[in-house]
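Note sheet for the following structure.
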Amino acid sequence: MRLKRTSMCSLLRGKDKDKDVVLAGWVKKRRDHGGLIFIDLGDKSGIIQLVFNPIIDKDSHTQAHSIREGWVIAVKGKVKMRAEDSINPKLKTGKIEIIVKELKILNTSQPLPFPIEDKIETNEEVRLRYRYLDLRRPIMQRNIYLKYRINKQVRDFLHKRGFTEIETPFLTQSTPEGARDYLVPSRLSPGEFYALPQSPQLFKQLLMVAGFDKYFQIVRCFRDEDLRADRQPEHTQIDIELSFIEEEDIYDLIEKMFSFVFNEVLGISLETPFPRFSYEEVVSRYGTDKPDIRFGLELKNISSLVSSCKFEVFRKVLEKGGKVKGLRVPRGSSLSRNDIEKLIREITFYGAKGLSWIIFASKEKIRSPLVKFFSKSELLKIVEYMEGEEGDAFFFIADEKTVVNEALSHLRLYLAKKFHLIPEKTHRLLWVINFPLFEYDKEGKLAPCHHPFTSPREEDLPLLEESPEKVKARSYDIVMDGEEVGGGSIRIHRRGIQERVLEILGMTSLQAREKFGFLLEALSFGAPPHGGIAIGLDRLTMILAGEKSIREVIPFPKTQKAVCLLTQAPCPVNEEQLKELHLKVEE
RNA sequence: GGGGCCGUAGUUCAGUUGGUUAGAAUGCCUGACUGUCGAUCAGGAGGUCGCGAGUUCAAAUCUCGUCGGCCCCGCCA
């Protein structure tokens, strides 16, 4: 006989007393007193206590002895108020319990490899192998629901504003630049491959040419690059593109969208507009293009202060065109030599060769390796320039510009965590704008800062020829709590400029036509001015969930070696499959 | 490609200078128990010390290699 559930476990309350109900779910806990048996029954709503009493129903009580954690059962019973002294304030359903009259065991379970609860110390390896159990934990359910709610609010918001969700292909063409592509061999075209999209970039531009005007898609993107805590081979993007717009339209739209979503999902109201910083400014003040501005510790350039000092390290760096920058740690004078050694180790990963420091306990008590090279008044001058007070510590790095910035921005974050300077549950969003259009890569080649379809600023067009590195892009990043959560640009919509940019990037017109011919052609058929943005849904969810890894908000993520521990993908395939695809595997 | 941390019972960990039968907590199994909610009490089972080789009278422990997980650099237009 079938028991059809009448309520979710955790939705019952005192007002339901004396009701007959049917509940179904997982056995979370069993407390067997021989006579009475208590079982905590749980589902996605939460848990409720069942009471098995041999006097009420001998059969179910006998069966309940054999029930174990993780089993799936359905029960029919009556909602009863608990006695005053046996109320459990920890449960939403703690004032009531279900007196079981009938029990049906729907499934048994092996003993669980780890407890289904929030605070577990289990290895991630084990969690990933049994991901379906890991996902049963309330915190994981919360994360997945959170992502869904964000997803849903974004859709609602964009829908209300006249956007249309349009799909784009997953089997598409490999692009020469950017990240490595995931390739898919073609059976029907021997020796040829599709690529999984790194983003729907070109297709959404084509949709603008097609006149759809306002497009969005919540879409998977693929990149075959090495993984990190905030990077997975496939991630989900909120992809947006509009026609006949400018930067301000995007800022306005996205600020409204974030405000709406934050308010609907978390009840947080955001201050708009978000502050805007130029690329140059954030790099100078924070050493990175994705600063966390929830705390200070800003970088200061002391190059001019030390340009003629006795300290050779500083002088030589400056002679070679490098920089000396530093930051002030309020009340940092408590740092020990050991702590400082640790800081030095931290920055060496970023290529910094050394760290200079001043421990400014008081005007009389200054500890620093620089005392050998600087007079006391010179040191005080530096402290004054850094706006220091007694009890502060100061750290300086001298090197070429990028090393100084990267090392100091890392140091800044490290110290902020160490001194608990980052306010919890506070979010700060900002725009980074005025990026250069190009930058030089390691081989000294010009590469796009954003991507090769980004429009240069109109007024910089003349610079494109003589000094392309000075051209500013019409691109923008949105940064939240030190994470880049999105970025986009106004695109090039005129064929001539697009051809010119590809040429500057070192592509012959033949190569350009081969790879992007369809785009160039599309631009020549009345492409409207257009632009857009892509928001990283996983990163956004991660931050809002307060998680440190993107894997915590992706139901079935991959390990650092891009392996799925649950399914064991990737795996070898048989000869026949390879043959069909015209592939041979090299030993 | 490189650096760091880690791998011992189902799980989380301890394991001293290389030395007896590798321990603890929790989980699991059996039994007792009518108001528990971290139930309690009594008893019990459970180990390829990731894998391989080497050094040694003797290896969880030392060496080399290898596999796997995490963090990071490179990479990620």
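Letters A, B, ... are given to chains in the order of the sequence lines, protein chains preceding strands, and every chain is numbered from 1.
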Check this one for me: any side-chain N or O of [X] less than 4.0 Å away from OP1 or OP2 of [N]?
{"X": "T559(A)", "N": "G69(B)", "value": "yes"}
{"X": "K548(A)", "N": "C71(B)", "value": "no"}
{"X": "Q560(A)", "N": "C71(B)", "value": "yes"}
{"X": "K29(A)", "N": "A39(B)", "value": "yes"}
{"X": "N123(A)", "N": "U12(B)", "value": "yes"}
{"X": "R551(A)", "N": "C71(B)", "value": "yes"}
{"X": "K90(A)", "N": "C37(B)", "value": "no"}
{"X": "R223(A)", "N": "C75(B)", "value": "no"}

(request) Figure out the CG/P separation between L36(A) and U34(B), and round it to whole Å. (result)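 In whole Å, U34(B) P and L36(A) CG are 8 Å from each other.
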Checklist entry - K92(A) NZ to C37(B) P: how many Å, rounded? => result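 The answer, rounded to whole Å, is 22 Å.
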Does [X] reach a base, just sugar-phosphate, or nothing at all? Heavy atoms under 4.0 Å.
{"X": "L128(A)", "value": "nothing"}
{"X": "R228(A)", "value": "base"}
{"X": "T122(A)", "value": "sugar-phosphate"}
{"X": "N53(A)", "value": "base"}
{"X": "Y350(A)", "value": "sugar-phosphate"}
{"X": "F114(A)", "value": "nothing"}
{"X": "D85(A)", "value": "nothing"}

Below 4.0 angstrom, N of the basic side chain to O of the carboxylate: do R500(A) and E503(A) qualify?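 Salt bridge flag = yes for E503(A) with R500(A).
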R131(A) bridged to D134(A) by N-O distance under 4.0 Å: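 Result for this pair is yes, salt bridge flagged.
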Polar side-chain contact [X]-[N] base: donor and acceptor under 3.5 Å:
{"X": "R231(A)", "N": "C76(B)", "value": "yes"}
{"X": "R68(A)", "N": "C29(B)", "value": "no"}
{"X": "D226(A)", "N": "G74(B)", "value": "yes"}
{"X": "Q49(A)", "N": "U36(B)", "value": "yes"}
{"X": "E97(A)", "N": "G35(B)", "value": "yes"}
{"X": "R82(A)", "N": "C37(B)", "value": "yes"}

Between R551(A) (side chain) and P557(A) (backbone), is there a donor-acceptor pair under 3.5 Å?
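Not confirmed, R551(A) side chain does not pair with P557(A) backbone.
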*Which of these passes side-chain contact (heavy atoms from CB on, under 4.5 Å) with L23(A): I48(A), D43(A), V79(A)?*
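Option passing the side-chain contact (heavy atoms from CB on, under 4.5 Å) with L23(A): I48(A).
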Begin with the C-alpha distance, continue with both residues' side-chain angles, and end with the deciding distance and a verdict on salt bridge (charged side-chain N to carboxylate O under 4.0 Å, His left out) for D40(A) and R31(A). CA-CA 9 Å; D40(A) 291 338; R31(A) 294 175 294 278; 3.0 Å; yes
- Tell me yes or no: between the side chains of Q232(A) and D538(A), is some donor less than 3.5 Å from an acceptor?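 Per modelled atom types, Q232(A) and D538(A) side chains form no pair under 3.5 Å.
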